[in-house]
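Positions are given from 1, in the same order as the sequence printed here. When reading the values below, keep in mind they use all heavy atoms of this one structure, side chains included, and skip hydrogens, waters and symmetry mates.
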Amino acid sequence: MNEPLPRMEEKGTKDTKANNVVVAFLLRVAGFLGFRRHSPYVKDYLNNANIRSGVFMALVVIALEVWMVIRRLNDTVIPMTQEGGNFFELLFKNTSNFWLMLFMGVGMLTYCVAYLDKKQTTWKQVTAIIGGVLCLVFAALLPLEPFRGNGNIRDILLISFYVSIILFGIAVIGSTIYLRVKGKKSLLPPMAVISFFALVCLVFGVKVSYSDFFSSASYPLGEATMYEHKMIICFLMMTIYVGCLLIWRPFASIGILGVAFLAFYFLLVSFEGVEKTHRKLPDGDVVNYITFFISLTMVCFSIYHQRIQEATKEQKLHELATTDSLTGLYSFDYYLQVVREAIDVHPKILENYQHVFMDLDGFSTYNDQKGFAAGNDYLKRFGALLREHFPEGYICRQGEDHFALFVPQGSIESFLASSKEEMASLDPDLTLAINIGHYHQVLPEEDIRRCVDKSRFAAHIGRDTPSKVHEYGRADHDAYHLRQYVIRNVERACAENWVQVYYQPIVDAKSGKVVEFEALARWIDPKRGFLSPASFIPALERARLIHRLDAHVFTTVCQDYARFFEATGRSVPISINVSRADFDYMDVAKVLADAREKYGVPAEAIHVEITESALTVDENKMTDFLTHIHELGYPLWLDDFGSGYSSFNVLKDFRFDVLKIDMRFLEGFGENPKIIDILRSIISMAKSLGMESLCEGVETKEQAAFLRKEGCNKLQGYLFGKASPFEDSLALLDTVKVD
């Protein structure tokens, strides 16, 4: 009976596994030999490592050549000069190669230092060019060298040495000029310098070692033994330098070192026939020579792979530090750094570039409707759109839907003209507008973060313009500096009582009497006078410092309440406003409790006003807070009802004691009949939900009469009094009536 055939899928699976093993093995071998492609960051890391090694090598070469020149002067040149020889002729004959190596080291050192200089200062680049020129000048002395003729190997090595010096000098000069004009946009120029530097070292090692070998062979056999182990020391030293300090891919290291070792080996084994002497290369040296080559190659492999691992780790850390994880644009801190470096290196860039700030108008609504995953995807595609439109610019996402750019002037106009359809394609259901502010920096030393702040300030103003674009101007300059002043001095203003609490009366609609107050912050500055709340409250909110002012207000309110209660025995409720940012930077309930306990104020005397926007911070967090506030006995008000996008959701999800109707509903009262219907509906809804209603912004008796008729419980506005210091506002108690 025939055995069943193996199933095709099993055979295919085995073949696939075998192929995968082979492919994996070949990939590992390719990686070991250095055939895998590297990212630009890793390439740059390896290149910079070689440049740093070049500094070390150059210093060693300079020190050695100075020492060799001094040694030759003392041992040969000066004694022979004293015997009647020509000093300059003897100096050139005995030290010319050392001088060449010395100036090659100077050229390499100055070039590497200039390359590693982040600011690319002119004097360092000029010094590097001078180093390259000196190499060329001294290489021009080649015709003065004594040649043996007839294709002598030492002549060939001497010419090769001079040619490699010339190539190195040209590479240093050309690469320095390239860096000056183009910057570090290509690794080819520094690689050329490094390669020719390595070539000079290897040729010099071969030349000196071969000459030593020949010189030792010229001695009688008995005396030659003292030189037996010196013939390849210089060559081996140079190969160690080149192999261990200047690291190429392993396959390149094998090629470079292999060619050098084989060439020198064939020179040595053919020495006797070429030079017609009795000198031979001992077998033991051949074994040691080959062993040294293998060991040096393995060391090169080890150093290479160690650098690759370090470069890969550095790249990951670099990406975390420099890249926005969502969009792939620059992170904000790295953006500040690269723009600063760009201006420092090329200050004239300010003539053609400008700072731009963009934010997506209504993006929070987009997140509410589409969800955060869709919002993140939108930001990714918007970031890609910016990269496409500003290829020569610097772009980062500062956070949320905010983007900072440093781009050529005029590019914003072309972006707006061509991006409408692309913006619509990001989401056909909801096209977001872009608020744009831009600022032209003039002084190179100006802080980049402040430039971003100015363009952001302009974008905030631009959101209220038809074009959504605003350029930072003189008026903005004054407003910006006022904002900076407020931010810098808020703590001092609270501590020294520049920030005072004023109280605006709230009237009972039926009786017309003032029954409570709303606490409002006022800043009376010793230098700038009275600051409008519109100038300091938004500034503190954007700077995330509003909690410091609010905490000061809470404490002052409790202090004023206690002072009045102690004097009269009467309790007057006071409402306080809690900002959205307060929940992120302080424990609102604890700060309130500490202030109340300090001055003995009952919880029911402090009415807490929460705006709709504050309720969008974190639904679970806000639910816990509001529940806790009610449990502690604070009456809870919903402030500015109707000013946001989710008013009815707020009423559905949270419980309030007072519904405070936004003052904008009274704009156009008596002209727009819809206002009456809307206000009537809101008051009726509040009553049906078990809440009192309060309408702010009441300025006329007609408005007050209508609201009282419709059942609005409380009224507030200039008709009953503006906000004033506590003592002045107390005079209004029980005296203000509505006719």
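Looking at Asn489, its side chain never comes within 3.5 Å of a backbone N or O of Arg492 through a donor-acceptor pair. A donor-acceptor distance shorter than 3.5 angstrom exists from the side chain of His552 to the backbone of Val499, with no hydrogens or angles considered. Looking only at distances, no side-chain donor or acceptor of Ser535 sits under 3.5 Å from a matching main-chain atom of Leu531. At distances below 3.5 Å, at least one donor-acceptor pair connects side-chain atoms of Arg397 with backbone N or O atoms of Glu400.
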>> Please evaluate residues Lys468 and Asp361 with respect to the criterion salt bridge (Lys or Arg N to Asp or Glu O under 4.0 Å), reporting the C-alpha separation (whole Å), side-chain torsions for both, the decisive distance (0.1 Å), and the verdict.
In response: CA-CA 9 Å; Lys468 298 288 186 179; Asp361 197 7; 2.8 Å; yes
> Does the side chain to side chain donor-acceptor pair (under 3.5 Å) test come out yes or no for Asp639 and Thr611, once each step is laid out?
Replying inline: CA-CA 5 Å; Asp639 192 16; Thr611 60; over 6 Å; no
> Given Asp377 and Arg381, is the salt bridge (Lys or Arg N to Asp or Glu O under 4.0 Å) satisfied, shown in steps?
Replying inline: CA-CA 6 Å; Asp377 183 62; Arg381 288 181 287 145; 3.1 Å; yes
>> Tyr394 vs Tyr335, test: ring pair (Phe, Tyr, Trp, His ring centres under 6.0 Å). Steps then yes/no.
In response: CA-CA 7 Å; Tyr394 303 83; Tyr335 168 84; 7.4 Å; no
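Remark: Thr327 OG1 to Phe382 CZ distance equals 10.5 Å, nearest 0.5 Å.
In this pair, Tyr304 and His38 present their aromatic rings tilted. The plane angle is within the 30 to 60° band. Aromatic ring orientation, Phe457 versus Tyr480: perpendicular (interplanar angle above 60°, classes split at 30° and 60°). Using cut-offs of 30° and 60° for the angle between ring planes, the Tyr366 and Tyr378 rings count as tilted. In this structure, Tyr585 and His547 have parallel ring planes: the angle between them is below the 30° cut-off, well short of the 60° mark. A perpendicular orientation is assigned to the rings of Tyr472 and His477, their planes being inclined by more than 60° (bins at 30° and 60°).
Heavy atoms of other residues, nucleotides or ligands lying less than 6.0 angstrom from CZ of Phe251 number more than 12.
Taking the six-membered ring for Trp and the full ring otherwise, the centers of Phe357 and His402 sit less than 6.0 Å from each other. Note: Tyr353 and His440 fail the aromatic proximity criterion, with ring centroids not under 6.0 Å apart.
A salt bridge does not link Asp525 with Lys527: none of the charged nitrogens is closer than 4.0 Å to a carboxylate oxygen.
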